[in-house]
Amino acid sequence: MNFLPIIEAKRDGQMLATLQIQAAVAAFMRGEIPDYQMAAFLMAIYFRGLDSSETRTLTLAMRDSGATLQFPDDARPLVDKHSTGGVGDKVSLPLAPLLACLGFRVPMISGRGLGITGGTLDKLESIPDFVTQISPQRIVQQVQEIGCCICGQTADMTPADRALYALRDVTGTVPSIPLIVASILSKKLAENLDCLILDVKFGTAAFMQTHDDSSKLARAMVNLGNECGTKTRAILTRMDTPLGRTAGNWLEVKESVEILENKGPQDLRELVIECAAHLLQQGGLSTNLPSARQRATDCLASGAPRRKWDEMLEWQSADLEKFNTKLKSHNAPIIHEIKAPRDGFVTQCNAKIIGEVIRDLGGGRLTKDSVLNFDVGLDHIAKSGEKIEPDALLCRLHAARESDAQAAIIRLQAAFEIADSQPEILPNIVEIVE
Ligand code: URA
């Protein structure tokens, strides 16, 4: 294939034909387009953009570059949720079993963390023997039998996204709305979903810094998801402060179990219920949002999602006995309490600094090959707006070594700010795009 005219056309801001985009993806996957040409094409897209029909063609070509999940007909809608990522964002963990108990099938295909953004698979791998890589046949079987599964992408699903993302990652072309839309939606559309809820975050520790940018990304994904036959909505949420009171893989699993036990922090619980409520409405299982929220709240209180979680763990080979023992007693070797220097109100709990500290403690990845320490992180995090007494806990730090802990403590001083008057408490959920 002569790819040069296609690169030049996009460089000059022309619109590409469907066949040109389809042929480019197919040729790249056959190894007929060298990385340097594809990198130039991605950069042209970064500067010139793609319109909605080009984005749709690219998304579908990427989806069709590999296998898709095929489920038997069933009254239970197929649903999933995707978050653009943040610090302390563990919503997927309690959400999948909750949705299964509400009457959905949930083939939740998740990713790993990179940089300060945590990944659902990393969190789950802190559970003894839990297996995240399972075959497509097994995903379908598990979802049909118990209603949910949280696992990694299989090798044969959306290989074009893997190849293109690897190039984008090293060519400065990740932050392009059409490329992000195509990347996220190609993977979600390969699950053959009826409904999808997106949590699009903005703020200091998010991929998108501003409300405006996250709105644009959400609008583009919602429009394309709906056009492709998956009922799609987006919840826009802030990511300036970690979600919940923990950040770090194992600590986040523990907090997720608290949510499943009908406890846990209010902001996390609210977002889990909000995602479930929107899916209930999108899937036609509830007629309005207030009744959907009530249904999700009641279901969480019933204890059924906690039992479903255990069932999911067993299906994915986890050692439940070891897990339950670990829940009660396991901690990192070094724990330090970080206390407030004065009384007042917390005016900042900076998710970006906290995410960087945890990454550098070994809880996140500096490169794709980094080996994670699941135990490190923070819990008991004090959140913006909260009143604190002198000597009250700002957070507890979990580290592998004393020297790491000391370095982290110095950096964490800058993450928290305390003032005399209470700051305006901003809602975490800012907008619904549908
Ligand atoms: N997450 C993805 O899966 N793809 C992107 O391009 C960005 C975030």
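Starting from 1, each residue takes its place in the sequence as its number. Atoms within a ligand are numbered from 1 in the order they appear, just like the ligands themselves.
- Heavy atoms of other residues, nucleotides or ligands lying less than 6.0 angstrom from CG of N2 number more than 12.
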Name every donor-acceptor pair, under 3.5 Å, that has one atom in a side chain of residues 103-110 and the other anywhere in the protein, sequence neighbours excluded.
| from | atom 1 | to | atom 2 | distance (Å) |
| --- | --- | --- | --- | --- |
| R105 | NE | R76 | O | 2.8 |
| R105 | NH1 | P72 | O | 3.1 |
| R105 | NH1 | Q144 | OE1 | 2.8 |
| R105 | NH2 | R76 | O | 2.9 |

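- Protein neighbours of ligand 1 below 4.0 Å, counting non-hydrogen atoms: Y165, R168, I180, S183, I184, K187, F207.
- Just one of E255, H380, R396 meets the side-chain hydrogen bond (donor to acceptor under 3.5 Å, both in side chains) condition when paired with T246; it is E255.
- Under a cut-off of 6.0 angstrom, the local environment of CZ in R401 is sparse, with at most 12 non-hydrogen atoms contributed by other residues, nucleotides or ligands.
- D267 meets the side chain to side chain donor-acceptor pair (under 3.5 Å) test with K383; sequence neighbours excluded.
- For R219, the side chain to side chain donor-acceptor pair (under 3.5 Å) partners two or more places apart in sequence, or in a different chain, are N223.
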